[in-house]
Number of protein chains: 2
Amino acid sequence: MNLPEGKDKFLQSWGAFGSSWGVNRTMAQIHALLMIAPQALSADDIMEELKISRGNANMNLRALIDWGLVFKELKAGERKEFFVAEKDMWKVVKNIIIQRKKKELEPMLKVLDELSSVEGTDPEAEEFVRMIKEIKLFSSKADSTLDTLVKADSNWFVGTFMKMIK
Amino acid sequence: MNLPEGKDKFLQSWGAFGSSWGVNRTMAQIHALLMIAPQALSADDIMEELKISRGNANMNLRALIDWGLVFKELKAGERKEFFVAEKDMWKVVKNIIIQRKKKELEPMLKVLDELSSVEGTDPEAEEFVRMIKEIKLFSSKADSTLDTLVKADSNWFVGTFMKMIK
DNA sequence: ATGTACTTTCAGGAAATTTTGAAACTATTG
DNA sequence: CAATAGTTTCAAAATTTCCTGAAAGTACAT
C-alpha cells in the first residue's frame, strides 16, 4: 500500500473509531492527521487535507488542546499558529481517561450517591436501592482503579501490567 | 428523595451516560429500567414507562439481548414476552467489553496491521509507519489485557485487582 | 492609528441518527 | 382455518448533532 492510500484509510478508520466511542468524527480525524504528521501543521493545512471549514477546524483543535492531545506551536517569524499532537500513546490514553473520568464517570458517581438514599419499603424501592448500591460499588472500584492507572508511569502499562494480571 | 423522582433521575442519567459513550440513549434507558425492576417487564410496560413506540422498544430490546445484557422470559399461560436484565455488574461490564472489543477494537487492529506495510522512504512515510506501529503495539497490549480481564472470574475485579495495581 | 494576518464565534443550514407507526409477519387458540 | 395476540420490519418523519461561512475579535507591524 502506498502513503496516500494508507493515510486516507487511517484517517477514515480513526474517525470511525472515535465516532463509535462518542467522540466527534472530525475531532478524531484531526487528531489522526496530526499524529502521523512529521511536522507541525497549520489550520490551513488541516482544512485542506480534511476538506473542512475554518470554523470546524478551529473548534475541534481547541477541544483537542483542552484534552491535552494537541499542542500549539509558534514558529519564529510566522504569525500563524501550528499544531502538533502528543505522540506517546500512553500519554494520549491517559489524558483521555482523565477527561472522560472527570466529565462522565464522576458525575455519574455523584448521582448514584444521591439515589442510594431513596426512601421506601415496597419491593420496587428496595430493589431500586439495592441495585443502585451495586452499581455504585462497582463504579467506585472502577474509578479508583483508573486513578491508580493514571498515576502509574509511562512504561508501566506496556511493561508490567500484562504480567501482573496473567 | 422518593422512588418516582429517583427512578426518573436514574433513567435520565444512565441514558446520558450511555449516549456520551456512543450507546443509543433509549437503549441505555431500557437497560436502566430493567436493571432496577424487581420483576420481568413486557414490551408494553417499557413503552409506557419510557414513552416510546413499539418499534423503538423492540429494536433496542433485541440489541440488548444481542449484547447479553437482557434476557427474554416466557411466563406460563401468557402469550407475550417478558424481559429481565442481567443484574451482576461484573457480567454487565464483561459483556460490554466483549462486544465492543469485537466490533471496534479488533477491526481497528486489523486496519493497523495492513497500514504498517505502507511503503516509502520519505520522512512522511517513515513517520506514518513509525506511528502506526506505536499505535498498533499499544492497541495489541490493550486487546490482550482485555482478554485476560474478561477471562477472570466475577469477584476478581472487585476484590483482587485493586490491591494488585497498588 | 490604520492595515494586515490571522483566530474565534455562532446563527442558520446540512447531515447523521433516532424514532415512529402501520403493514407484514408469526404463533397460538378455539 | 379463521381469529386473535403478539412481534418484527422499515420508509418516512422527527430530532439531534455537526458544519459552514461570514462577521467580529485580536494582535502585531508600519
Side-chain angles (χ1 to χ4, degrees), chain A residues 11-34 40-67 70-84 100 103-104, chain B residues 11-34 40-67 70-84 100 103-104:
Chain A
L11 297 180
Q12 293 312 117
S13 303
W14 201 253
F17 188 70
S19 186
S20 72
W21 286 88
V23 173
N24 179 296
R25 174 177 251 102
T26 303
M27 177 168 158
Q29 286 183 335
I30 295 177
H31 182 223
L33 183 60
L34 289 171
L41 302 180
S42 68
D44 292 272
D45 295 335
I46 294 166
M47 286 162 63
E48 196 188 328
E49 290 250 26
L50 297 172
K51 278 140 183 81
I52 58 172
S53 71
R54 185 171 304 281
N56 196 3
N58 185 271
M59 285 190 308
N60 285 117
L61 278 166
R62 300 304 128 192
L64 284 164
I65 291 170
D66 278 354
W67 282 43
V70 165
F71 311 103
K72 206 180 282 195
E73 200 175 273
L74 297 171
K75 290 195 184 177
E78 291 251 31
R79 220 191 262 194
K80 73 175 133 191
E81 295 174 333
F82 288 79
F83 302 92
V84 253
R100 303 203 74 159
K103 294 209 185 81
E104 291 141 22
Chain B
L11 297 179
Q12 294 312 119
S13 304
W14 200 253
F17 188 69
S19 187
S20 71
W21 285 88
V23 173
N24 180 296
R25 176 178 249 101
T26 304
M27 177 168 159
Q29 285 183 336
I30 295 176
H31 182 222
L33 183 61
L34 288 171
L41 302 181
S42 67
D44 292 272
D45 295 335
I46 294 166
M47 288 162 62
E48 196 189 328
E49 290 250 26
L50 269 54
K51 276 138 185 83
I52 58 173
S53 71
R54 184 171 304 282
N56 197 3
N58 185 272
M59 287 190 307
N60 285 117
L61 278 166
R62 299 304 130 191
L64 284 164
I65 290 170
D66 278 354
W67 282 43
V70 165
F71 310 103
K72 206 181 281 195
E73 200 175 272
L74 298 170
K75 290 195 184 176
E78 290 252 30
R79 223 192 261 194
K80 74 174 131 193
E81 295 174 333
F82 288 79
F83 303 91
V84 252
R100 302 204 75 160
K103 295 209 184 82
E104 291 140 21

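Side chains included, hydrogens not; waters and symmetry mates left out as well; all remaining heavy atoms used.
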Q: Measure across A/G15 and A/Q29 and return the closest heavy-atom pair with its distance rounded to 0.1 Å.
A: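 Closest heavy-atom pair between A/G15 and A/Q29: CA-CG, 3.8 Å.
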Atom [atom1] of [X] and atom [atom2] of [N]: how far apart are they, to the nearest Å?
X: A/D44; N: C/dC6; atom1: CG; atom2: P; value: 8 Å
X: B/N56; N: C/dT17; atom1: CG; atom2: C1'; value: 12 Å
X: A/M59; N: D/dT17; atom1: CE; atom2: C1'; value: 11 Å
X: A/K51; N: C/dA14; atom1: NZ; atom2: C1'; value: 19 Å
X: A/N58; N: C/dC6; atom1: CG; atom2: C1'; value: 11 Å
X: B/L50; N: C/dT19; atom1: CG; atom2: C1'; value: 13 Å
X: A/L61; N: D/dC18; atom1: CG; atom2: P; value: 16 Å
X: A/M27; N: D/dC18; atom1: CE; atom2: P; value: 11 Å

Q | Donor-acceptor pair under 3.5 Å, A/R54 side chain vs C/dT7 base | A |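 When only heavy-atom distances are counted, A/R54 does not reach the base of C/dT7 through any donor-acceptor pair under 3.5 Å.
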Q: Please state whether the rings of A/W14 and A/H31 are parallel, tilted or perpendicular, taking 30° and 60° as the class boundaries.
A: tilted
Q: Return the 5'-most residue of the pair A/R25, A/K80 with respect to DNA chain C, ranking by each residue's nearest nucleotide.
A: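 Closest to the 5' end, via its nearest nucleotide, is A/K80.
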Q. Just by modelled atom types, is the A/G55 backbone N or O under 3.5 Å from a matching donor or acceptor in the A/N58 side chain?
A. no
**Q.** Crowding at CD, B/E48 (>12 non-hydrogen neighbours, <6.0 Å)
**A.**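 Not more than 12 within 6.0 Å, no.
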Q. Does a side-chain N or O from B/T26 land closer than 4.0 Å to OP1 or OP2 of C/dT19, or not?
A. yes
(Q) Check the phosphate of C/dA27 against B/R79, side-chain N and O only, distance under 4.0 Å to OP1 or OP2. Yes or no? (A) no
**Q.** Along DNA chain D (nearest heavy atom to each residue), the more 5'-positioned of A/G22 and B/E81
**A.**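 Final value for this comparison: B/E81.
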